[in-house]
Amino acid sequence: MSSLQKEQYIELAVGAETCAIRIEEIHEIIKMLSITDIPFSRNEVKGVVNLRGKVVCVMSLRNLLGMADEPYTRNTRIIVVNYREEFVGLIVDKVNKVTTYGEIHPPTGGHSRGRDAVFHGVGQRDDQLVGILKLEEILGG
């Protein structure tokens, strides 16, 4: 059993995709807040929020994964992650649950760049496959 299989994950939805983030990478999950725009920022940067006195940059996980924006709903959440000693907010369509995976497969496809590069691996539970996001690749790109 690999160390990844013992870990807990937060499973989330972005459009029709289900992904997961390692729970240890997450600082907190908050409801959608009013976001202050940053002029001339990249499309995926939606702005900043004030989180108990800390200014946190908020990005759209949809845009980071190459998807178009959708209107926010009452299920929309900001997942605040720890990234390079900073907090970064990722807007997701929905947070599903905390989970573990019985099996974790390496990402497939053989291309070093592209969609597979954003995943640590693919978690499998029953017959559902869930991509485990690699924050370093998504946010560092």
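Keep in mind that this is a model prediction, so the values were computed, not measured.
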Side-chain cluster (under 4.5 Å, hydrophobic types only) that Phe40 belongs to, other residues: none
Would you please name every residue forming a salt bridge (Lys or Arg N to Asp or Glu O under 4.0 Å) with Glu28, sequence neighbours left out? Arg52
Spell out, yes or no, whether Leu65 and Val81 are grouped together once hydrophobic residues are joined by side-chain heavy atoms under 4.5 Å, including indirect joins. yes
Treating Ile, Leu, Val, Met, Phe, Trp and Tyr as nodes and any side-chain heavy-atom pair under 4.5 angstrom as an edge, say whether Leu135 and Val56 lie in one connected cluster. no
When you compare the side chain of Ile132 with that of Cys19, does any pair of heavy atoms fall below 4.5 Å? no
Roughly how far apart are Ile23 CD1 and Ile29 CD1, rounded to 0.5 Å? 7.5 Å
Starting at CD of Glu24, measure out to OH of Tyr9 and round the result to the nearest 0.5 Å. 8.5 Å
same_hphob_cluster(Val92, Leu33) at 4.5 Å side-chain heavy-atom cutoff: no
Contacts of Val48 meeting side-chain contact (heavy atoms from CB on, under 4.5 Å) (sequence neighbours excluded), chain-then-number -> Thr36, Ile38, Val55
Any salt bridge (charged side-chain N to carboxylate O under 4.0 Å, His left out) pairs touching residues 76-87, not counting sequence neighbours? Arg84-Glu136
Nearest 0.5 Å, please: how far is CG in Leu61 from CD1 in Ile138? 5.5 Å
Hey, could you give me each pair passing salt bridge (charged side-chain N to carboxylate O under 4.0 Å, His left out) that has a residue in residues 59-74? Not counting sequence neighbours. Lys46-Asp69, Arg62-Asp93
With rounding to the nearest 0.5 angstrom, report the CD1 to CD1 distance, Ile91 to Ile79. 11.0 Å
Apart from Val122 itself, its cluster of hydrophobic side chains linked below 4.5 Å comprises Leu129
Group every Ile, Leu, Val, Met, Phe, Trp and Tyr by side-chain heavy-atom contacts under 4.5 Å, then state whether Leu12 and Tyr72 land in the same group. no
Write out all pairs satisfying salt bridge (charged side-chain N to carboxylate O under 4.0 Å, His left out) with one or both partners inside residues 117-129, taking only residues at least two apart or from two chains. Glu11-Arg125
Considering non-hydrogen atoms only, spot the tightest contact between Ile104 and Gly123 and give its length. CG1-CA, 4.2 Å
List for me each residue that meets ring pair (Phe, Tyr, Trp, His ring centres under 6.0 Å) alongside His27, sequence neighbours excluded, and say none if there are none. Phe87
Can you list everything that forms a side-chain contact (heavy atoms from CB on, under 4.5 Å) with Ser34? Sequence neighbours excluded, please. none
Contact between Val80 and Leu51 at the side-chain level, heavy atoms closer than 4.5 Å - yes or no? yes
Residue pair Val88 / Val58, side-chain heavy-atom distance below 4.5 Å: no
Could you check if a side-chain atom of Ile78 sits within less than 4.5 angstrom of a side-chain atom of Leu90, using non-hydrogen atoms only? no
The criterion is side-chain hydrogen bond (donor to acceptor under 3.5 Å, both in side chains); which residues satisfy it with Glu25, sequence neighbours excluded? none
Mind checking whether Lys134 and Val118 have side chains closer than 4.5 Å, heavy atoms only? no
Rounded to the nearest 0.5 Å, how far does OH of Tyr83 lie from CG of Leu139? 5.5 Å
Distance in Å, Thr18 OG1 paired with Lys94 NZ, rounded so as to fall on 0.5 Å steps: 9.0 Å
Heavy-atom closest contact (Met32 atom, Ile35 atom, distance): CE-CD1, 3.3 Å
If you look at every heavy atom in Pro107 and Phe119, which pair is closest and at what distance? CG-O, 3.4 Å
